[in-house]
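Step one of this worksheet: look at the structure below.
Everything quoted here is computed from the prediction, not taken from an experiment. Numbers for residues simply follow the sequence, beginning at 1.
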Amino acid sequence: MTDPFGALNPKQREAVEWCDGPELVLAGAGSGKTRVIAAKIAHLVNEKNVPPYRILALTFTNKAAREMRDRVKSLVGHDLHGIQASTFHSYGLRFLYRNTQFLCDMGYPQSFVVFDRGDCRNLVKRLAKELGLDAGGSDVSFLVDRISRAKTGCDPLTLEPDIDERWAGLYEKYCSELLRQGALDFDDLMMLPLHILCANRAALERERASIEWVLVDEYQDVNAPQYLLLRQLAAESGRLTVVGDPDQSIYGWRGADMSLIMRFEDDFPGGRVVVLDQNYRSTGNILDAANAVIRNNPVRREKNLWTASDLGSQVNVLLARNDDEESGFIAGEIERLAMEGYAYKEMAILYRMNALSRGYEQTLLERGIPYRILRGVSFYERREVKDVLSMFRLAVNPRDGASLERIANVPKRGLGKKSAEDVANCLAHAEGTAEEIWAGMEKTPPLSGRAGKGASLLASLMGGILAEETFEGAIDFIMYNFGYEDYLRDEFPDDWEERSENIRELLSIMPEGNIAEALAQVALFTDADSDDDGSRVNLLTMHAAKGLEFQVVFLVGFEEGIFPSGRAVEESSDGIEEERRLCYVGMTRARERLYLSGVMSRLIFGTFQRSSFSRFIFELPDDKVTMDDRTRGLKGGGDVRGGGHGRRWSW
């Protein structure tokens, strides 16, 4: 067993040892917050004799939860069986499985499914079309967002939404359709547990009795339902430790409420605040530059990151004439750094919007530099993976209309769109277990002729999946008995083998146990939870980079309207502050080398856009920056202008 205090600095140790009430650990970027959370769990178990199964540790990604468990294991020398270290949504899912009677009373089946974001988008798109809704030029994402905001803003006790009357009909239809299909969305995984805890005192007391300590990572990213859930679980006992940094609050656009971490002491009286400001990641020059930028935000908790490491290289700033010059410079630096010994996987290009990746991809391809784009959900969005998961989901929940719509005629079996709708209507009113429903449909299909044979065959195959005792056996059944491998050969002759391998890869991530629970857990995974052993340059958005770190970071697109985003600044009163926090997050992803770049003219969305350089470049300290200005002598060049600011650099 490792001494949990052995590698802690005095402030970290103070945070770990405090167990006399609520605690906020104000942890700056790279200050060892995961180490502190793991050490605190070990301390609770070893010194305070708290049973592991009575500790609830919550975070926002499966990868972070896994790292938390691994760190604790390394400290105590063995697995802490029963410890609840998971994402908020995974906790909500487990809670609902422990309290399925409440869901059944609301009309859901015990074997409910969880719709991923793609399923929800498709459902909203279909319902909007059926209702003849004109979103006023808004896309499906806007409608999905309206529904999500209404749901997370519900009264927890009544679940009554506060929604604009323009979208009220869509919201009601969406919720009804989820219920009809026996499906939950991600917001339900928070709102329904919260509703049960608010509406049923016995369930609340039972849940509180099962949890002695609650620890929360990334508290600055908590939204209203998650906050209310924490208050239900821990406010009375005060056994709560939250770790976060308001300077890294970058998800306001999806409901995160930074005010919650700012008012922690008011919400949890007697709360203690411990500041972790020693950085173990970045060099001194990088930290000094990041500190200088974030100080321009008026609403924050004051802290100043410092490091015992060397100052290191200065921050490199490129002011380029156009995006071709910018991407060429970046590719050249990547090649040069690779020659110095940096691995490609240790380098990352971070951008404010996905549309910017095209130019960098093209240049990297031309130079023969390997790269990968981290989008967050790509593995689970692959057609063959979604097909197979839909087959599993439909097998355990015949009411799952989204899955039926996807695979009713895959492979082809004579079930067209209209026939599939008829089958769905029949299944929606069928009674009995999934096995009984599929057996009944196989014997007496609801249709006649070719479509009836197709419905009977589909039912037979669904029953066959349920009859398998293991996931591996069920996948073999799908591939061979179901004919899915032959389907892949016919439809995708060039890459069917790779697609088959992707399906096999599901065995690596499918949790063991009840198939319905395992499928619901899989819906919560993203590619950010997977590892990639290949050495490739990483391309990703600044939001997706949260929680990651690289030896070398290129922050690109430092132009007004792009970064900071014009839309973010216009749509929110504190938009510029959140954009500046995003800049701070991006800068503190770098360990040794940091590059910032902006251009005068950029080809984007099919047109050339001419912009002034970002105000964030203006905020960098002169003595921490090496400037490469390639706009000198051009009209508007040689001047950093941001949001009305103007400054002549002296280099």
For [X], is the [atom1] atom crowded, meaning more than 12 foreign heavy atoms sit under 6.0 Å from it?
X	atom1	answer
D623	CG	yes
K73	NZ	no
R301	CZ	yes

When you compare the side chain of [Y] with that of [X], does any pair of heavy atoms fall below 4.5 Å?
X	Y	answer
D288	L311	yes
T241	V216	no
Y371	I349	no
L44	L215	yes
M600	R610	yes
E559	R602	yes
S565	E579	yes

Exercise for the section: Apply side chain to side chain donor-acceptor pair (under 3.5 Å) to T626 and Q314, showing your working. Expected result: CA-CA 6 Å; T626 296; Q314 289 193 318; 2.9 Å; yes

Do the charged groups of [X] and [Y] touch, with an N to O distance under 4.0 Å?
X	Y	value
E218	K33	yes
E570	R567	no
E302	R300	yes
E619	R615	no
R591	E346	no

To the nearest 0.5 Å, tell me how far [X] [atom1] sits from [Y] [atom2].
X	Y	atom1	atom2	result
T87	D217	OG1	CG	12.0 Å
F554	N538	CZ	CG	12.0 Å
E384	N502	CD	CG	4.5 Å
E577	I250	CD	CD1	15.0 Å
I294	T588	CD1	OG1	9.0 Å
R581	Y251	CZ	OH	12.5 Å

Kindly give the heavy-atom pair with the smallest separation between [X] and [Y], and that separation in Å.
X	Y	answer
A320	F613	O-CZ, 4.2 Å
S500	E485	OG-OE2, 4.1 Å
T61	T59	O-CG2, 3.6 Å

Practice task
Kindly determine whether I576 and F616 satisfy side chain to side chain contact (heavy atoms under 4.5 Å, CB included), including the steps that lead there.
Solution key: CA-CA 10 Å; I576 189 59; F616 301 147; 4.0 Å; yes

Practice task
I would like to know whether E14 and Q12 meet side chain to side chain donor-acceptor pair (under 3.5 Å); could you show each step before the answer?
Solution key: CA-CA 5 Å; E14 178 186 348; Q12 291 173 332; over 6 Å; no

Exercise for the section: Please determine if R35 forms a cation-pi arrangement with Y280, meaning its NZ or CZ atom is less than 6.0 Å from the six-membered ring centre and no more than 45° off the ring axis. Expected result: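 Relative to the ring axis of Y280, which defines the angle, R35 lies inside both limits.
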
Problem - Cation-pi geometry met for R352 and F563 (6.0 Å, 45°) - result: no

Practice task
Report the C-alpha distance between I503 and R499 in whole Å, list the side-chain angles of each, state the deciding distance to 0.1 Å, and finish with yes or no for side chain to side chain contact (heavy atoms under 4.5 Å, CB included).
Solution key: CA-CA 7 Å; I503 293 170; R499 291 174 182 269; 5.8 Å; no

Problem - Residues in salt bridge (Lys or Arg N to Asp or Glu O under 4.0 Å) contact with E23, at least two apart in sequence or another chain - result: K40

Completion exercise
By salt bridge (Lys or Arg N to Asp or Glu O under 4.0 Å), E335 pairs with (sequence neighbours left out) R367

Exercise for the section: Show your working on side chain to side chain donor-acceptor pair (under 3.5 Å) between S141 and R121 and close with a plain yes or no. Expected result: CA-CA 7 Å; S141 296; R121 281 178 56 85; 2.6 Å; yes

Practice task
Evaluate the criterion side chain to side chain donor-acceptor pair (under 3.5 Å) for residue pair N304 and R295; output intermediate values, then yes/no.
Solution key: CA-CA 9 Å; N304 194 59; R295 279 195 206 102; 2.6 Å; yes

Exercise for the section: In sequence, state the C-alpha distance, the side-chain angles, and the governing distance for E340 and R336, and then conclude on salt bridge (Lys or Arg N to Asp or Glu O under 4.0 Å). Expected result: CA-CA 6 Å; E340 288 185 11; R336 185 181 66 80; 2.6 Å; yes

Practice task
Report the C-alpha separation of K303 and D245 in whole Å, then their side-chain angles, then the decisive distance to 0.1 Å, and conclude whether the side chain to side chain contact (heavy atoms under 4.5 Å, CB included) test is met.
Solution key: CA-CA 10 Å; K303 68 179 184 306; D245 179 10; 2.6 Å; yes

Practice task
Establish, yes or no, whether a centroid distance under 6.0 Å links the rings of F60 and F88.
Solution key: yes

